[in-house]
Amino acid sequence: MNLSPQDSVAVGDGANDQAMLSAAGLGVAYRPKPRLREAIETHLDHADLTGLLYLQGYREQEIAGA
């Protein structure tokens, strides 16, 4: 599909996910453990994974069940 890492979204919660999240165009730490929280700028702490859609620019009316 000729996608680059910058075209991807990656989600993780632990320090072992840091390299993957850093390489992605949008790397999101989901309820991250302390080491990852310090290393990754974008966190989802108080939301479910629907929050990923909002981070990608979707609006509530575009999300089924929201």
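Keep in mind that the numbers below use all heavy atoms, side chains included, and drop hydrogens, waters and symmetry copies.
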message: I'd like to check Tyr54 versus Arg59 (side-chain heavy atoms, cut-off strictly below 4.5 Å). Are they in contact?
response: no

Measure the CG-CZ distance between Leu36 and Arg31 for me, rounded to the nearest 0.5 Å.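 It is 14.5 Å, given to the nearest 0.5 Å.
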
Output for pair (Glu60 CD, Leu53 CG), nearest 0.5 Å, gives 11.5 Å

What is the minimum heavy-atom distance between [X] and [Y], and which atoms define it?
| X | Y | result |
| --- | --- | --- |
| Asp7 | Asn2 | OD2-O, 4.5 Å |
| Ala23 | Pro5 | O-CB, 3.3 Å |
| Leu21 | Gly12 | CD2-N, 3.6 Å |

side-chain contact (heavy atoms from CB on, under 4.5 Å) filter on Asp13, not counting sequence neighbours, yields Asp17, Lys33

Across all chains, not counting sequence neighbours, the side-chain contact (heavy atoms from CB on, under 4.5 Å) partners of Arg37 are Pro32, His43, Asp45

For Leu26, the hydrophobic cluster (side chain heavy atoms closer than 4.5 Å, chained through members) also holds Val9, Val11, Val28, Tyr30, Leu44, Leu49, Leu52, Leu55

I'd like to know if the side chain of Ser22 and the backbone of Ala19 have a donor-acceptor N/O pair within less than 3.5 Å.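 Side chain of Ser22 to backbone of Ala19, a donor-acceptor pair under 3.5 Å: no, none is there.
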
- Message: Surrounding CD of Glu62 (heavy atoms of other residues, nucleotides or ligands, distance under 6.0 Å), is the total greater than 12?
- Response: yes

